[in-house]
Structure formats: C-alpha cells, structure tokens
Amino acid sequence: QVQLVESGGGLVQAGGSLRLSCVVSGRTFSSYGMGWFRQAPGKEREFVAAINWSGSSTWYTGSVKGRFTISRDNAKNTVYLRMNSLKPEDTAVYYCAASQHFSGSYYVTQYDYWGQGTQVTVSS
C-alpha cells in the first residue's frame with residue numbers, strides 16, 4: 001500500500017518562504033510522476049507543480065512560476081515544494097500526489113495516490 005505524508009505547512013507573512021515535504025512509502029517511488037496540488041476554501045483542487053520520475057523535467061502553473069520549485073530525492077522517497085515570495089492568494093491546503101502512468105499531468109484524475117494535505121496560510 002502506498003502512503004503519502006506531507007509536512008512543512010504553516011503560517012507565514014507575505015513575501016516569506018516555506019518548504020513542503022512529502023514522504024512516500026513503498027519501493028517504487030522512483031517510478032512515479034509526482035505532483036503538488038492545492039485547494040482553497042470553496043474552490044476546486046488545482047495543479048501547482050509536477051516532476052517526472054528522475055527529476056529531469058518539471059512543470060508549473062503560471063501563477064507560481066519563478067516562485068516555487070519542485071524537486072525530488074529518490075533515495076529518500078521524498079518530493080519537495082520550495083515556495084518563495086509567498087502571497088495571500090497562495091493560501092490553501094497543499095496536497096502531494098503520485099501517478100503510476102503520467103508525468104507532468106495537470107489533472108487530478110491522473111494521479112493514483114494522495115496525501116492528507118498540509119495547510120499553508122499566508123498573511124498580508
């Protein structure tokens with residue numbers, strides 16, 4: 001059974017930084033495409049960033065390009081999301097997700113496993 005556990009969320013002032021981590025159980029982490037999504041109150045879950053199995057390719061939604069960086073360490077079964085220059089509109093629950101068949105997907109339905117989420121709150 002694959003489990004994803006996020007950590008690193010919290011309360012930060014606008015302009016600040018956070019690094020989210022997601023540890024994935026199981027021996028096949030290095031074969032998964034990984035993604036980060038977020039969901040604000042009253043809104044649908046939206047794509048934030050994705051990374052392929054080796055870490056050689058990354059994808060971002062437009063609003064976070066240049067501010068967020070996704071990375072992975074296959075030796076530690078961990079994917080990261082470094083968030084700089086945070087804005088109040090980045091406030092949401094952030095979810096880590098793993099896909100067995102897709103890399104760089106923007107679609108929630110193409111991810112097979114999800115974490116429980118971690119809250120990020122950016123104050124103005």
K.L.:
Output all residues satisfying side chain to side chain donor-acceptor pair (under 3.5 Å) with Tyr32, sequence neighbours left out; order by chain, then residue number.
P.N.:
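Only Thr28 meet the side chain to side chain donor-acceptor pair (under 3.5 Å) criterion with Tyr32.
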
K.L.:
Please, which pairs that meet ring-ring contact (aromatic ring centres under 6.0 Å, His included) have at least one residue in residues 72-100, sequence neighbours excluded?
P.N.:
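Not a single pair qualifies under ring-ring contact (aromatic ring centres under 6.0 Å, His included).
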
K.L.:
Can you name the residues that form a ring-ring contact (aromatic ring centres under 6.0 Å, His included) with Phe37, not counting sequence neighbours?
P.N.:
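If we apply the ring-ring contact (aromatic ring centres under 6.0 Å, His included) test to Phe37, skipping adjacent residues, the hits are Phe47, Tyr111, Trp114.
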
K.L.:
By the salt bridge (charged side-chain N to carboxylate O under 4.0 Å, His left out) test, which pairs, at least two apart or in different chains, include something from residues 39-64?
P.N.:
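Output for this query lists Arg38-Glu46.
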
K.L.:
How would you list all residue pairs meeting salt bridge (charged side-chain N to carboxylate O under 4.0 Å, His left out) that involve residues 60-81, not counting sequence neighbours?
P.N.:
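Sorted pair list: Arg67-Asp90.
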
K.L.:
Does a side-chain heavy-atom distance below 4.5 Å link Arg82 with Ser17?
P.N.:
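The answer is yes, as the side chains (C-beta and beyond) meet within the 4.5 Å cut-off.
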
K.L.:
Would you please name every residue forming a side chain to side chain contact (heavy atoms under 4.5 Å, CB included) with Ser57, sequence neighbours left out?
P.N.:
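For Ser57, the residues satisfying side chain to side chain contact (heavy atoms under 4.5 Å, CB included) (neighbours in sequence not counted) are Asn52, Trp59.
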
K.L.:
For Asn74 and Ser54, indicate whether the former's side chain and the latter's backbone hold a donor-acceptor pair under 3.5 Å.
P.N.:
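Flag not set: sc Asn74 to bb Ser54 has no pair under 3.5 Å.
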
K.L.:
Going by the rule side chain to side chain donor-acceptor pair (under 3.5 Å), which residues pair with Glu89 if we only count those two or more places apart in sequence or in a different chain?
P.N.:
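Testing Glu89 for side chain to side chain donor-acceptor pair (under 3.5 Å), a comparison that skips the adjacent residues, returns none.
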
K.L.:
Got a donor-acceptor contact below 3.5 angstrom from the Glu6 side chain to the Gln116 backbone?
P.N.:
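Checked: pair present.
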
K.L.:
Roughly how far, to the nearest 0.5 Å, is NZ of Lys87 from OG of Ser124?
P.N.:
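Nearest 0.5 Å value for the OG-NZ distance: 14.0 Å.
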
K.L.:
CG/Leu4 to OG/Ser25 distance, rounded to the nearest 0.5 angstrom?
P.N.:
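Leu4 CG to Ser25 OG: 7.0 Å, rounded to 0.5 Å.
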
K.L.:
First locate atom CE of Met34, then atom CG of Leu81, and finally report the distance between them rounded to the nearest 0.5 Å.
P.N.:
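Separation between the atoms: 11.5 Å.
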
K.L.:
Membership question, hydrophobic clusters at under 4.5 Å side-chain separation (ILVMFWY): are Leu20 and Tyr60 in the same one?
P.N.:
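Same cluster: Tyr60 reaches Leu20 through Ile, Leu, Val, Met, Phe, Trp or Tyr contacts under 4.5 Å.
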
K.L.:
What residue pairs, at least two apart or across chains, pass disulfide bond (SG atoms under 2.5 Å apart) with a residue in residues 32-62?
P.N.:
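Output for this query is empty, none listed.
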
K.L.:
If you look only at pairs with a residue in residues 35-95, which of them pass as a disulfide bond (SG atoms under 2.5 Å apart), with sequence neighbours excluded?
P.N.:
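Sorted pair list comes back empty.
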
K.L.:
So which heavy atom on Ser103 is nearest to which on Gly33, and how close?
P.N.:
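Shortest heavy-atom separation between Ser103 and Gly33 comes out as OG-CA, 4.1 Å.
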
K.L.:
Would you give the length of the straight line joining atom CH2 of Trp53 to atom OG of Ser30, rounded to the nearest 0.5 angstrom?
P.N.:
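Spacing of CH2 (Trp53) from OG (Ser30) equals 7.5 Å.
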
K.L.:
Looking at Val122, is its backbone amide N or carbonyl O close enough to the side chain of Thr91 to form a donor-acceptor pair, meaning the two atoms are under 3.5 Å apart?
P.N.:
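Judged by distance alone, yes, a pair lies under 3.5 Å.
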
K.L.:
For the hydrophobic clusters of this structure (ILVMFWY residues joined by side-chain heavy atoms under 4.5 Å, transitively), does one cluster hold both Trp36 and Tyr113?
P.N.:
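Both belong to a single hydrophobic cluster.
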
K.L.:
Which residue pairs pass the disulfide bond (SG atoms under 2.5 Å apart) test when at least one of the two sits in residues 12-96, sequence neighbours left out?
P.N.:
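Checked against disulfide bond (SG atoms under 2.5 Å apart) - neighbours excluded - the pairs reaching residues 12-96 are Cys22-Cys96.
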
K.L.:
With sequence neighbours excluded, tell me which residues meet ring-ring contact (aromatic ring centres under 6.0 Å, His included) with Tyr107.
P.N.:
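Scan of Tyr107 (ring-ring contact (aromatic ring centres under 6.0 Å, His included), adjacent residues dropped) gives none.
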
K.L.:
Evaluate the side-chain proximity of Leu11 to Gln119: yes if any heavy-atom separation is below 4.5 Å, no if none is.
P.N.:
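No, too far: nothing below the 4.5 Å cut-off.
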
K.L.:
Group every Ile, Leu, Val, Met, Phe, Trp and Tyr by side-chain heavy-atom contacts under 4.5 Å, then state whether Val12 and Val48 land in the same group.
P.N.:
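Both belong to a single hydrophobic cluster.
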
K.L.:
Apply side chain to side chain donor-acceptor pair (under 3.5 Å) to Arg19 and list each qualifying residue two or more places apart in sequence or on a separate chain.
P.N.:
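Applying side chain to side chain donor-acceptor pair (under 3.5 Å) to Arg19 gives none.
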
